[in-house]
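Below is one structure, written out as structure tokens, with a few remarks after it.
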Amino acid sequence: MNSRIYMSSPDVGELEEQYVLAAMRSGWIAPLGPDVDAFEAEMAARVGVTHAVALSSGTAALHLGLLGLGVGPGDIVVTSTMTFAATANAIVYTGAEPYFIDCEQATGNMDPALLREALDQLYHSGEMVAAIVPVDLLGKAVNYTAICAIAEEYGIPVLADAAESLGATHNLKAAGSFGRASILSFNGNKIMTTSGGGMLLTDDAELASHTRYLATQARQSVTHYEHTDIGYNYRLSNLLAALGRAQLTRLDDMIACRRRMRESYREVFADVPGVEIFGGENDKNDNFWLTSVIVNSSVSGWTPAELSAHLLLDNIESRPLWKPMHLQPIFRGARSSSNGTAERFFNTGLTLPSGSSLGPDEIERVLTRMSDLILRRV
Ligand SMILES: *Cc1c(COP(=O)(O)O)cnc(C)c1O
């Protein structure tokens, strides 16, 4: 059996080894240290924000970002239905209720028209929307121009979930720099990794320092540790920050690899009727985190599940797009505004190996295997 090809595995090598080893040898093992400070400064500079707080995960960043915006029990938080469960889970941690908005046909990101409709309706029924959390799906930045304008009209703060979109832009501005604050994830499968980690980015000094405070068990700065709030143990360790610093120096190269992967898929599917690359042609501002295809199987003659099974026979991983949150059993009771788009993407989409660590032989294996099915050589 050929070795397993994953959708998006960590891309680490000698440079990462050097950085982590240097951090270990520096003696800064116990959790915080100079690599955390440097990682925060380097990421803030890269994204173009004034404050960055390195945290143990993207989920932790979402949780503290929401708390920092004052979200709590009885509030509603409006978010994208087309996302990974972490976004919705963090809303529930605060005691607030998630309200799910369906996506645009063209991008899979939160539909501004549906958002406006939902806010209008909630406003007129006197309900309190405490935050809007749009999600940059698979590395394409949300239409922040439209979403932030609507949010401003209603006076609602935006916490942008940029977990998937580091390196992408909207109107020349970096993903991660929108809204009152944004969050990043450095989970193992993301565009860059700290093996596990996340970050909150903001231009709001007070929000940044409050996040730091809550992430370190809400200790008042007195020697006996006075506590006036419930805190969390959510900081990133110094060793992992060193890994993140190495990865950040390689971010643009890793994006370039993923972009080439997208282009290869585009070539393979160029003359295949019934198949579109998810997110459309207009992807020059994406970070190409994952490439998915949308399959109209009555035209193509094969289903996404058949393609997936065919790839799996050669030990190649693929996966449907996120199952929308409003269709998840755990959120059965939640309210949503849907137009059927997210559900259609879930039923017709397939995400393909997209990682930057794939070697030429592995890429060849994936492309040949796919062509076999597409060209009916099997
Ligand atoms: C990965 C991801 C998260 C969670 O990040 P973790 O670091 O795994 O906690 C949140 N939101 C989205 C959209 C993600 O893809």
Side-chain angles (χ1 to χ4, degrees), residues 6-10 39 43 52-67 77-94 98 100-101 103 107-110 131-142 144 147 158-168 175-176 178-179 181-201 211 215 232-237 240-241 243-244 247-248 258 278-279 286-292 319-326 328 331 342 345-346 349 351 354-355:
Y6 293 95
M7 274 173 28
S8 180
S9 45
F39 185 38
M43 188 60 81
V53 184
L55 298 163
S56 54
S57 69
T59 310
L62 283 165
H63 186 191
L64 295 189
L66 290 167
L67 292 178
V77 174
V78 173
T79 191
S80 310
T81 193
M82 199 64 187
T83 185
F84 178 52
T87 320
N89 287 343
I91 294 167
V92 174
Y93 299 166
T94 67
F100 300 111
I101 305 281
C103 55
T107 65
N109 284 332
M110 183 185 276
I132 300 170
V133 184
V135 178
D136 299 333
L137 188 66
L138 308 191
K140 186 188 284 295
V142 163
Y144 286 105
I147 298 285
V158 169
L159 175 66
D161 184 340
E164 302 175 3
S165 61
L166 175 63
F178 292 93
S182 292
I183 73 95
L184 302 176
S185 165
F186 312 122
N187 195 19
N189 61 347
K190 292 298 185 335
I191 194 121
M192 62 163 264
T193 187
T194 58
S195 93
M199 204 172 259
L200 182 121
L201 301 170
T211 301
Y232 302 85
N233 181 6
Y234 276 175
R235 293 308 309 270
L236 186 71
S237 98
L240 300 186
L243 178 53
Q247 288 266 286
L248 185 53
R258 289 183 189 253
F278 181 70
D286 297 8
N287 73 355
F288 306 93
W289 176 50
L290 295 178
T291 296
S292 308
R319 207 184 286 261
L321 281 142
W322 301 129
K323 179 170 183 175
M325 289 304 116
H326 75 279
Q328 295 285 358
F331 296 118
F345 285 150
F346 173 60
T351 302
S354 309

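We're numbering straight along the sequence, starting at 1. As the structure lists them, so they are numbered: ligands from 1, and atoms in each ligand from 1. Since this is a predicted model, take the numbers as computed values, not measurements.
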Going from [atom1] on [X] to [atom2] on [Y], what distance comes out if it is rounded to the nearest 0.5 angstrom?
X: Asp161; Y: Thr59; atom1: CG; atom2: OG1; result: 9.0 Å
X: Thr211; Y: Leu64; atom1: OG1; atom2: CG; result: 6.0 Å
X: Leu248; Y: Leu166; atom1: CG; atom2: CG; result: 7.0 Å

What residue and atom, counting heavy atoms only, is the protein's closest point to atom 5 (O) of ligand 1, and at what distance?
Ser185 OG, 3.2 Å
Among all protein heavy atoms in this structure, tell me which lies nearest to atom 11 (N) of ligand 1, with the distance rounded to 0.1 Å.
Asp161 OD2, 2.8 Å
Check step by step if side-chain contact (heavy atoms from CB on, under 4.5 Å) holds for Arg235 and Val53.
CA-CA 8 Å; Arg235 293 308 309 270; Val53 184; 4.2 Å; yes
Which ligand 1 atoms, with their elements, are less than 4.0 angstrom from a heavy-atom of [X]?
X: Val135; value: 13 (C)
X: Ala163; value: 2 (C), 3 (C), 10 (C), 11 (N), 12 (C), 14 (C)
X: Gly197; value: 7 (O)
X: Thr83; value: 13 (C)
X: Ala86; value: 3 (C), 4 (C), 10 (C)

His63, Glu164, Lys190: member with heavy atom nearest to atom 13 (C) of ligand 1:
Glu164
Quick one: look at Thr59 and ligand 1, take heavy-atom pairs under 4.0 Å, and tell me if it's side chain, backbone, both or neither.
both
Backbone, side chain, both or neither: what part of Ser57 comes under 4.0 angstrom of ligand 1, heavy atoms only?
both
Under 3.5 Å: donor-acceptor pair, side chain of Thr194, backbone of Leu243
no
Looking only at atom types and distance, does a side-chain atom of Ser354 sit under 3.5 Å from a main-chain N or O of Thr291, one as donor and one as acceptor?
yes
Does ligand 1 have any atom sitting under 4.0 Å from a heavy atom of Ala60?
no
Test log, rule side chain to side chain donor-acceptor pair (under 3.5 Å), inputs Asp136 and Tyr144:
CA-CA 10 Å; Asp136 299 333; Tyr144 286 105; 2.6 Å; yes
Do any nitrogen or oxygen atoms of Phe84 lie less than 3.5 angstrom from nitrogen or oxygen atoms of ligand 1?
no
Tyr232/Tyr93 aromatic ring centres below 6.0 Å:
no
